[in-house]
Amino acid sequence: MRPTRPRLVRDIGFYYRSPEHTGYGEELSARRFSVLTHIPDLGTSSLLDIGSGRCNLLTWLRGNGYQTHYEAVDIREDSLRLCPCPPTHTHTGVPTGAQDIVCLFGTVTFNIGSDQEANRELLLDLLGKSLALTPRHIVFTVMREDRLHGLDRIQLIGYAREQLEGLIRWLDPSAFHVHEDLDPNEWVVRCSFASDK
């Protein structure tokens, strides 16, 4: 009988060693955030950034002249303390209250705890909470399974195209677009919902 290897359990500090660290450089972050320019009235909308880290999305919005009402959600309080928005606009859990746009950029990227199914369920839970908050737009990213190689498979959660399409069907948007050219390793998905849904 082959011995089983002990399960490797890593906490978020392994992947994000400091509150400043996001895993994405400034250029790649800006390309990912540019998907928002396809949303009409971005500058007058309210936006909830789930998995905000130190609120780089807010910096991008302000740097591009958008006065979007911004609120941040992250499980790391040390990262939220670096966010330039008022403390009343930062949360360690998903708040209640309607939003025009909910963004989930890289929220469930790393396989923390080494249980891929638990992490996939976490993403579904976050998407479900996002649906309850917005009648308009959800933007999310998932890693492309075909871009993960070697040891990355242990650390990163990838989605095959069929799995991505299943997530989109589950959300049931009135329109969507999968941006494959914004990030070489991720699908960036923009979903819009009819206001009467």
Side-chain angles (χ1 to χ4, degrees), residues 22-53 55-74 94 98-110 116 119-148 152 156-197:
T22 66
Y24 298 92
E26 191 175 323
E27 181 183 338
L28 183 53
S29 292
R31 283 207 336 251
R32 295 162 89 227
F33 298 155
S34 71
V35 68
L36 296 173
T37 62
H38 297 279
I39 296 177
D41 304 321
L42 174 61
T44 57
S45 297
S46 59
L47 184 149
L48 183 66
D49 184 9
I50 299 177
S52 63
C55 303
N56 289 336
L57 177 52
L58 175 61
T59 302
W60 180 86
L61 287 165
R62 296 300 183 258
N64 286 280
Y66 295 109
Q67 294 306 308
T68 310
H69 174 84
Y70 175 91
E71 293 192 37
V73 177
D74 203 275
V94 178
Q99 300 285 339
D100 297 314
I101 306 162
V102 178
C103 295
L104 303 97
F105 287 106
T107 50
V108 186
T109 300
F110 290 109
Q116 287 204 8
N119 280 276
R120 291 182 197 283
E121 287 297 320
L122 176 58
L123 178 60
L124 276 178
D125 179 62
L126 289 172
L127 288 172
K129 288 177 179 175
S130 300
L131 271 175
L133 293 175
T134 183
R136 294 188 57 207
H137 305 282
I138 294 176
V139 177
F140 70 97
T141 63
V142 291
M143 299 296 295
R144 296 175 57 159
E145 188 177 69
D146 62 326
R147 298 298 175 97
L148 304 183
D152 289 346
L156 299 173
I157 301 169
Y159 285 77
R161 183 65 189 230
E162 302 80 43
Q163 292 171 308
L164 174 65
E165 290 169 358
L167 285 175
I168 294 169
R169 280 193 304 276
W170 183 79
L171 285 169
D172 192 26
S174 52
F176 71 91
H177 187 83
V178 178
H179 298 265
E180 299 185 42
D181 56 339
L182 296 178
D183 186 309
N185 300 311
E186 291 185 328
W187 282 303
V188 181
V189 184
R190 175 173 44 93
C191 296
S192 300
F193 302 89
S195 57
D196 59 351
K197 258 184 111 170

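Quick caveat, the model's predicted, so the values are computed rather than measured.
Although no hydrogens or angles enter the test, the distance criterion places no donor-acceptor pair under 3.5 Å between the side chain of S52 and the main chain of A72. Between the S192 side chain and the H137 main chain, no donor and acceptor come within less than 3.5 Å of each other. Without hydrogens or angle criteria, T141 side chain to V188 main chain gives no donor-acceptor distance under 3.5 Å. Without hydrogens or angle criteria, T134 side chain to R136 main chain gives a donor-acceptor distance under 3.5 Å.
Looking at P184 and R147, their side chains come closer than 4.5 Å, going by heavy atoms from C-beta outward. Two residues are said to be in side-chain contact when any heavy atoms from C-beta on lie closer than 4.5 Å; L133 and L131 fail this criterion. At a threshold of 4.5 Å between non-hydrogen side-chain atoms, the residues E165 and V178 do not count as touching. Under the 4.5 Å side-chain criterion, counting only non-hydrogen atoms from C-beta, I50 is in contact with V94. The shortest distance between side-chain heavy atoms of E180 and R161 falls below 4.5 Å. Considering only heavy atoms from C-beta on, F193 stays 4.5 Å or farther from P135 through its side chain.
The closest side-chain donor-acceptor pair between H179 and R190 falls under 3.5 angstrom.
The shortest heavy-atom contact between L124 and W170 is O-CH2, 3.5 Å. Nearest heavy atoms, A160 versus Q163: N-OE1, 2.7 Å. Minimum heavy-atom separation, Q99 to L47: OE1-N, 3.4 Å. Summarising the geometry of L42 relative to L36, their closest heavy-atom pair is CD2-O, 3.6 Å, with the distance given to 0.1 Å.
With a 6.0 Å cutoff to the six-membered ring centre and a 45° limit on the axis angle, R120 counts as a cation-pi contact of Y159. Geometric assessment of R32 against the ring of W60 yields a negative cation-pi assignment under the 6.0 Å and 45° thresholds.
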Walk me through whether V35 and F105 qualify under side chain to side chain contact (heavy atoms under 4.5 Å, CB included). CA-CA 11 Å; V35 68; F105 287 106; 4.0 Å; yes
Test side chain to side chain contact (heavy atoms under 4.5 Å, CB included) on D49 and L58 and set out the steps. CA-CA 9 Å; D49 184 9; L58 175 61; over 6 Å; no
Could you check V139 against V189 for side chain to side chain contact (heavy atoms under 4.5 Å, CB included), going step by step and ending with a plain yes or no? CA-CA 6 Å; V139 177; V189 184; over 6 Å; no
Worked check of side chain to side chain contact (heavy atoms under 4.5 Å, CB included) between M143 and N185: CA-CA 6 Å; M143 299 296 295; N185 300 311; 4.0 Å; yes
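Note that SG of C55 is 8.0 Å distant from CG of D74, once rounded to the nearest 0.5 Å. Note: I168 CD1 to C191 SG = 5.5 Å, rounded to the nearest 0.5 Å. The structure places CZ of F33 at 11.5 Å from CG of L182, a figure rounded to the nearest 0.5 Å. Separating the CD1 atom in I138 from the OG atom in S130 is a distance of 5.0 Å, to the nearest 0.5 Å. With values rounded to the nearest 0.5 angstrom, T107 atom OG1 is found 5.5 Å from L123 atom CG. To the nearest 0.5 Å, atom CG of residue L104 and atom CG of residue L126 are 6.0 Å apart.
A salt bridge does not link R31 to E186: none of the charged side-chain nitrogens sits closer than 4.0 Å to a carboxylate oxygen.
Within a 6.0 Å radius of OH in Y66, more than 12 heavy atoms belonging to other residues, nucleotides or ligands are found.
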